[in-house]
Trainee: 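My structure is below; once you've seen it, I'll send some questions.
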Amino acid sequence: MPELPEVETVRRGLAERVVGRRIERVEVGRERTVRRTSREAVIDGLQGTTMLEAGRHGKYLLCPLDSGDTLMVHLRMSGQLLLAPEGAQRPPHTHVALHLEGGEELWFVDPRTFGEVVVFDPDNVAVELPEVANLGVDPLSEAFTRAEVARLLRGRKRAMKALLLDQHVIAGIGNIYADEVLHRTKLRYDHLSSDLSTRKAGQVHDAIADILGAAVAAGGSTLRDARYVDLMGGGGYYQDFHRVYDREDQICLTCGKARIVKTVVAGRSTHYCPRCQR
DNA sequence: CGATCTACCTGATGGC
DNA sequence: TGCCATCAGGTAGATC
């Protein structure tokens, strides 16, 4: 569920409401959520610490603590971070609860349990969280330029959809926004990245920046199942602006003629306009 | 190297 | 209403 815009919305909530407040007590329910290390490592690593800032790289939340360690949270498919009053009724599948100074709790809720909570030493990230060390450029960072995107895309011979989803190249794009970016740039999912002109690669850069930026401004995309919500439990509304995702058989909003096709590519649902995208 | 498939889980949805 | 099959936004690892 959550891709960069949704994770960024959660990050902003943490920056506004959790950074600077001491974590007084930690509860870990389900062991699977902390499988990377252990229940003890997460409890001992968080208890008594304070988040210095709320960071993000791609879909990974990375929050440095005053202990020198860093808290990593990945929401994967169904994870949520929710802020609630101390003692409030917890939803099912609340696997971690942080009791914050000032009488609130921060919950990690995750029905499918793909998500993770890790406390790690940032100086040792390559060993403790290698996938974080190997993340590609973040589209909201200064390093995300037209020239860099052209280099990343044109230097590889990959199907465009698979490449946009590859977190080692560009970090943060998931299935929804990959389809939206490809539609905006009129590229089909199987267009080879090595065939892009420099100009076209620049358009891909611009589409990523525009679409992710607009989605962040809209608070992300909350689909019918409402599995993505922000820290306060509110939904985003960028789903109202999707032009291909979840619009199977509907008329393309760009050409007004063809109907959106839904197919499966590399095991992922893929939506595109057969008339606009080549 | 790259594409595809599978596995990890639970819940929502749709067909019968 | 109930049962069952199918599908879901992510990622890593195996296989070809």
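All values below were derived from every heavy atom in this structure, side-chain atoms included, with hydrogens, water molecules and symmetry-related copies excluded. Order of the sequence lines sets the chain letters (A, B, ...), proteins ahead of strands, with each chain counted from 1.
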Trainee: Applying the 5.5 Å / 30° rule, does A:Phe114 stack onto the base of B:dC8?
Mentor: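 A:Phe114 ring centre within cut-off of B:dC8 base, planes near parallel; stacks.
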Trainee: Choose from B:dC9, B:dG2, B:dG11 the nucleotide whose nearest atom is closest to any side-chain atom of A:Pro111.
Mentor: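 It is B:dG11.
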Trainee: Got A:Leu75 and A:Phe108 here, is their nearest side-chain heavy-atom distance under 4.5 Å?
Mentor: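 A side-chain contact under 4.5 Å exists here.
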Trainee: Rounded to whole angstrom units, what separation is found between the CE atom of A:Met77 and the P atom of B:dT10?
Mentor: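 Those two atoms, CE and P, are 14 Å apart.
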Trainee: Once you apply a heavy-atom cut-off of 4.0 Å, does A:Lys161 come out as touching a base, just sugar-phosphate, or nothing?
Mentor: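 Here A:Lys161 touches no strand at all.
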Trainee: Between B:dT10 atom P and A:Arg112 atom CZ, what is the distance in whole Å?
Mentor: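 After rounding, the gap between these two atoms is 10 Å.
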Trainee: Would you say A:Gln167 places a side-chain N or O within less than 4.0 Å of OP1 or OP2 belonging to C:dG10?
Mentor: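 False: A:Gln167 side-chain N/O out of range (4.0 Å or more) of C:dG10 OP1/OP2.
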Trainee: Quick one: do the A:Tyr177 and A:Glu6 side chains pair a donor with an acceptor below 3.5 Å?
Mentor: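 Yes, side-chain donor-acceptor contact under 3.5 Å.
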Trainee: Is A:Asp110 salt-bridged to A:Arg76, going by a charged N under 4.0 Å from an acidic O?
Mentor: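 No, this pair does not count.
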Trainee: Give none if B:dC16 has no partner; otherwise give the nucleotide forming a Watson-Crick or G-U wobble pair with it, both distances under 3.5 Å.
Mentor: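 B:dC16 is paired with C:dG2.
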Trainee: Starting at OH of A:Tyr189 and ending at P of B:dT4, how long is that distance when rounded to a whole Å?
Mentor: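 Rounding to the nearest Å, OH of A:Tyr189 and P of B:dT4 are 10 Å apart.
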Trainee: Measure CG/A:Leu223 against C1'/B:dA12 and give the value in whole Å, please.
Mentor: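 Distance, rounded to whole Å: 13 Å.
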Trainee: Can you measure A:Leu165 atom CG to B:dA3 atom P for me and round it to whole angstrom units?
Mentor: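 Going from CG in A:Leu165 over to P in B:dA3 covers 11 Å.
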Trainee: Indicate, with a heavy-atom threshold strictly under 4.0 Å, whether A:Tyr245 touches base, sugar-phosphate, or nothing.
Mentor: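 Sugar-phosphate: the residue A:Tyr245, judged by heavy atoms under 4.0 Å, touches backbone atoms but no base.
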Trainee: Base, sugar-phosphate, or nothing: which does A:Arg35 touch, judged by heavy atoms less than 4.0 Å apart?
Mentor: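 If one applies the 4.0 Å heavy-atom cut-off, A:Arg35 turns out to touch nothing in the nucleic acid.
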Trainee: With a non-hydrogen cut-off below 4.0 angstrom, is A:Gly267 in contact with a base, only sugar-phosphate, or nothing?
Mentor: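 Here A:Gly267 touches no strand at all.
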Trainee: Find the distance A:His93:NE2 to B:dC9:P and express it as a whole number of Å.
Mentor: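 The answer, rounded to whole Å, is 14 Å.
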Trainee: Send over the distance from A:Tyr60 OH to C:dT11 P, rounded to a whole Å.
Mentor: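 Spelled out: OH on A:Tyr60 to P on C:dT11 is 6 Å.
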Trainee: Going by side-chain hydrogen bond (donor to acceptor under 3.5 Å, both in side chains), A:Asn175 matches just one of A:His271, A:Glu3, A:Lys161. Which one?
Mentor: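 That would be A:Lys161.
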Trainee: Indicate, with yes or no, if the rings of A:His205 and A:Phe144 have centres closer together than 6.0 Å.
Mentor: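 Ring-ring flag for A:His205/A:Phe144: true, centres closer than 6.0 Å.
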Trainee: For A:His168 and C:dG10, what is the distance between atoms NE2 and P respectively, to the nearest whole Å?
Mentor: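 Taking atom P of C:dG10 as the reference, NE2 of A:His168 is at 14 Å.
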Trainee: Regarding A:Arg268, tell me which of base, sugar-phosphate or nothing describes its non-hydrogen contacts under 4.0 Å with the strands shown.
Mentor: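 It contacts base atoms.
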